[in-house]
Structure formats: structure tokens, C-alpha cells
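The first residue in the sequence is number 1, and the count goes up from there.
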Amino acid sequence: MTQTLRSYDGAIARELFSAAEIARAIERLAIAIARDHRRQSLTLVGVLKGALYVAADLSRAISRVPDGPSDISVDYLCVSSYGNASRSSGEVRLLKDLSDPVGGRNVVIVEDIIDNGLTLQYLRALLGERKPTCLRACVLFDKPYHRSVEVPVEYVGLRAPDEFVVGYGLDYQELFRNLPYLAQLRPEVFTDG
Ligand code: PRP
């Protein structure tokens, strides 16, 4: 059971990456993705809910890179593995599928964070079965400390500390996603009982 968040005010312990640092990381990812898809079509697959912001910002950053992809489409699917707890259950569920087929497309899966790797492993298998021309993955925040599986990630933005983090799409009990920066919560805010 998870305790209810006591107070939003004062819940942030410290800022880990500022909005400006995140924006610079996204610019770096955009340049790498644009270079690898020069004059090719590109489909970004954002993984809801966490990748809502990174997929939106990344798609616009890629379009600003000169001589990048010939066209960019953005689609979203929705998976869940965490429920409302602060630790992964290890179970990945597809809650909403893509709107369009990805067969024959150059696809980059866009994630806000990778932790144990099970979500990305599931998504690579799911989308790989649909025979895209190319399938790569982009993760803004990497937490490499507790991988359950080895899964390739072609584009990595920033290494997050081994802490429960929120902001820029990441939530605690569906709160804090809208923070423009990545933050660590005070430990007393969340307690799994
Ligand atoms: C988070 C995150 C990734 C996944 C990564 O999603 O957005 O999709 O966990 O964790 P893993 O590498 O340990 O599998 P979550 O299930 O919390 O859903 P949300 O994006 O809706 O917050």
C-alpha cells in the first residue's frame, strides 16, 4: 500500500537537472537522431505518459537541425508498469496502442526514463514484430543501477541518480509531471507500506 502524498508544497528536496540542462540534452539527442536519419522519414514513438514532454520537445528540436529527416511523424502509445507505487512491479501492460502502422518506417522509441529496462524490452519486441525498417530507442534519463535485462539504447540523454525522481514527465502518484526540471522528492513524502 502507498501512503497518500501529504503535501505538494515543500515536497521537492532538490533540483537535479534544470530546465536549461534538459533542453541542452534534448538538443544533443536531436542532433544525433537527425544525423542518423538524414533525408529519411522518421517516426517518433512517445511512450505515455512519461514521454509526453520529451517526445514533443525532441520532435521540434529534430526539425530545427539542418539536413535532418525528410519528414517526421509523432505517434504515442501508452504502457504502465509502476501503478502508483514508487517501485516497478515488473509487469508491463499496453494501455493504448499506436494510431498508425510502423511497418517500413524508421522508428525511434522515445522514453523519459529507463530503470530496470523491462518496459523498453517489451516495446522493442512489440514494435519489432511490426517490421519497421529500423528500430532504435532514445531515453532522456538513464538509471543504469538496477537493470533486470540488457536492452539496447541508441540515444541516451542524462544519467539520473539512483533516487526516486519526478518532473519533466515523471510522476509520483500522477503529480509533478508538469515540473519543467527533474527533481528529487523528500523521502518522507512517499512511503511504501
Ligand atoms: C516509467 C517510464 C518508463 C518506465 C521505465 O513509466 O515512463 O516507461 O517506467 O521503467 P523500467 O525501465 O523499469 O521498465 P510508468 O510505468 O511509471 O508509467 P508513466 O510513464 O505513465 O508514468
Check: If you draw a 6.0 Å radius around NZ in Lys131, do more than 12 non-hydrogen atoms from other residues or ligands fall strictly inside?
Finding: no
Checklist line | side-chain contact (heavy atoms from CB on, under 4.5 Å) partners for Ala61, two or more places apart | finding: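 Once residues adjacent in sequence are excluded, the partners of Ala61 under the side-chain contact (heavy atoms from CB on, under 4.5 Å) criterion are Ile26, Glu27, Ala30, Arg64.
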Checklist line | NZ/NE/NH1/NH2 to OD/OE distance under 4.0 Å, Asp71 and Arg39 | finding: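 No salt bridge links Asp71 with Arg39.
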Checklist line | With Arg35 via side chain to side chain donor-acceptor pair (under 3.5 Å) - residues at least two apart | finding: none
Note to self: Go through it in stages, so that I can follow the logic: the residues are Lys49 and Asp171, the test is salt bridge (Lys or Arg N to Asp or Glu O under 4.0 Å), and I'd like the CA-CA distance, side-chain angles, deciding distance and then a yes or no.
What the structure shows: CA-CA 9 Å; Lys49 299 177 188 169; Asp171 75 306; over 6 Å; no
Margin query: Grouping I, L, V, M, F, W and Y whenever their side-chain heavy atoms are under 4.5 Å apart, do Val139 and Ile62 come out in a common cluster?
Written below: no
Next item on the list: Check for a donor-acceptor pair, side chain of Asp75 on one end and backbone N or O of Asp100 on the other, with a separation under 3.5 Å.
Entry: yes
Next item on the list: Would you please test Asp112 and Arg177 for salt bridge (Lys or Arg N to Asp or Glu O under 4.0 Å) and show each step?
Entry: CA-CA 11 Å; Asp112 51 341; Arg177 290 192 198 275; 5.6 Å; no
Notebook entry, point to check: To which residues is Ile31 joined in a hydrophobic cluster, defined by side-chain heavy-atom contacts under 4.5 Å among Ile, Leu, Val, Met, Phe, Trp and Tyr, whether direct or through other members?
Noted result: Val65
Checklist line | Euclidean distance, Leu95 CG relative to Leu48 CG, rounded to 0.5 Å | finding: 9.5 Å
Checklist line | Spacing of OH belonging to Tyr168 relative to CG belonging to Asp57, to within rounding of 0.5 Å | finding: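 The distance works out to 3.5 Å.
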Notebook entry, point to check: Among the clusters formed by ILVMFWY side chains lying less than 4.5 Å apart, do Ile114 and Leu94 turn up in the same one?
Noted result: yes
Item checked: Minimum side-chain heavy-atom gap Leu123-Val47 below 4.5 Å ->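 The answer is yes; the side chains approach within 4.5 Å.
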Next item on the list: Could you state whether Val79 and Val107 fall into the same hydrophobic cluster, counting links through intermediate Ile, Leu, Val, Met, Phe, Trp or Tyr residues with side-chain heavy atoms under 4.5 angstrom apart?
Entry: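 Hydrophobic grouping puts Val79 with Val107.
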Next item on the list: Heavy atoms only: give me the nearest Leu120-Pro152 pair and the separation to one decimal.
Entry: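 Looking at all heavy atoms of both residues, the shortest contact is CD2-O, 3.9 Å.
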Notebook entry, point to check: Taking it one step at a time, do Arg93 and Glu91 satisfy side chain to side chain contact (heavy atoms under 4.5 Å, CB included)?
Noted result: CA-CA 7 Å; Arg93 288 181 300 144; Glu91 180 194 352; 3.4 Å; yes
Notebook entry, point to check: So, for Glu154 and Ala137, which heavy atoms are closest and what is the spacing to 0.1 Å?
Noted result: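 Taking every non-hydrogen atom into account, OE1-N, 2.8 Å.
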Checklist line | Any donor-acceptor pair under 3.5 Å from Thr133 side chain to Asn106 backbone | finding: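 Looks like no, no N/O pair under 3.5 Å.
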Notebook entry, point to check: Leu118 and Ile113: same hydrophobic cluster, using ILVMFWY side-chain contacts below 4.5 Å?
Noted result: no
Check: Among Leu98, Val110, Val108, which residue meets the side-chain contact (heavy atoms from CB on, under 4.5 Å) test with Val45?
Finding: Leu98
Check: Just how far is it from atom OH of Tyr76 to atom NZ of Lys96, taken to the nearest 0.5 Å?
Finding: 10.5 Å
Next item on the list: Could you pull out all residues at least two apart from Tyr155 that satisfy side chain to side chain donor-acceptor pair (under 3.5 Å)?
Entry: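 For Tyr155, the residues satisfying side chain to side chain donor-acceptor pair (under 3.5 Å) (neighbours in sequence not counted) are Asp36.
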Notebook entry, point to check: How long is the gap from CD on Gln121 to OG on Ser148, to the nearest 0.5 Å?
Noted result: 9.0 Å
Notebook entry, point to check: Are Leu170 and Leu29 connected, step by step, through hydrophobic side chains (Ile, Leu, Val, Met, Phe, Trp, Tyr) whose heavy atoms are closer than 4.5 Å?
Noted result: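 Looking at the clustering, Leu29 is in the same group as Leu170.
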Note to self: Would Glu111 and Arg136 count as a salt bridge (Lys or Arg N to Asp or Glu O under 4.0 Å) here? Give the steps.
What the structure shows: CA-CA 11 Å; Glu111 270 281 28; Arg136 297 182 171 114; over 6 Å; no
Item checked: Set of side chain to side chain donor-acceptor pair (under 3.5 Å) partners for Asp142, sequence neighbours left out ->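 Asp142 satisfies side chain to side chain donor-acceptor pair (under 3.5 Å) with Arg147 once adjacent residues are dropped.
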Item checked: Validation row: Phe141, Val156 side chains within 4.5 angstrom (heavy atoms) ->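 Phe141 does not reach Val156 side chain to side chain.
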Checklist line | Reported CZ-to-CG distance for the pair Phe176 and Leu179, which is rounded to 0.5 angstrom | finding: 7.0 Å
Checklist line | Derivation of the side chain to side chain contact (heavy atoms under 4.5 Å, CB included) call for Ile12 and Leu185 | finding: CA-CA 5 Å; Ile12 304 299; Leu185 290 181; 3.8 Å; yes
Next item on the list: Give the C-alpha distance, both sets of side-chain angles, the deciding distance and a yes or no for side chain to side chain contact (heavy atoms under 4.5 Å, CB included) between Phe17 and Tyr181.
Entry: CA-CA 6 Å; Phe17 292 109; Tyr181 52 88; over 6 Å; no
Margin query: Looking only at side-chain N and O atoms, does Tyr145 offer a donor or acceptor that is under 3.5 Å from a partner on Asn116?
Written below: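 There is no such pair between these side chains.
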Note to self: Distance check, rounded to the nearest 0.5 Å: Lys143 atom NZ versus His146 atom NE2?
What the structure shows: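 Rounded to the nearest 0.5 Å, the NZ-NE2 separation comes to 7.0 Å.
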Notebook entry, point to check: Under 3.5 Å, is there a donor-acceptor pair between the side chain of Arg105 and the main chain of Leu135?
Noted result: no
Next item on the list: Measure across Gly46 and Ala55 and return the closest heavy-atom pair with its distance rounded to 0.1 Å.
Entry: CA-CB, 4.0 Å
Next item on the list: For residues Tyr122 and Leu127, determine if any side-chain heavy atom of one lies less than 4.5 Å from a side-chain heavy atom of the other.
Entry: no
Next item on the list: Assess whether side chain to side chain contact (heavy atoms under 4.5 Å, CB included) is satisfied between Cys138 and Ile109, documenting all intermediate values.
Entry: CA-CA 6 Å; Cys138 173; Ile109 301 168; over 6 Å; no
Note to self: A side-chain contact here means heavy atoms from C-beta on lying under 4.5 Å apart; do Arg159 and Pro144 qualify?
What the structure shows: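 Yes. Closest side-chain heavy atoms under 4.5 Å.
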Item checked: With sequence neighbours excluded, residues passing side chain to side chain donor-acceptor pair (under 3.5 Å) with Gln184 -> Arg14, Glu163
Next item on the list: Compute whether any side-chain donor of one residue and acceptor of the other, for Thr43 and Ser73, lie under 3.5 angstrom apart.
Entry: yes
Notebook entry, point to check: Is there a salt bridge (Lys or Arg N to Asp or Glu O under 4.0 Å) between Asp97 and Arg130 once you walk through the steps?
Noted result: CA-CA 12 Å; Asp97 207 340; Arg130 300 178 187 183; 2.9 Å; yes
Next item on the list: For the residue pair Leu140 and Leu182, establish whether any side-chain heavy-atom pair is separated by less than 4.5 Å.
Entry: no
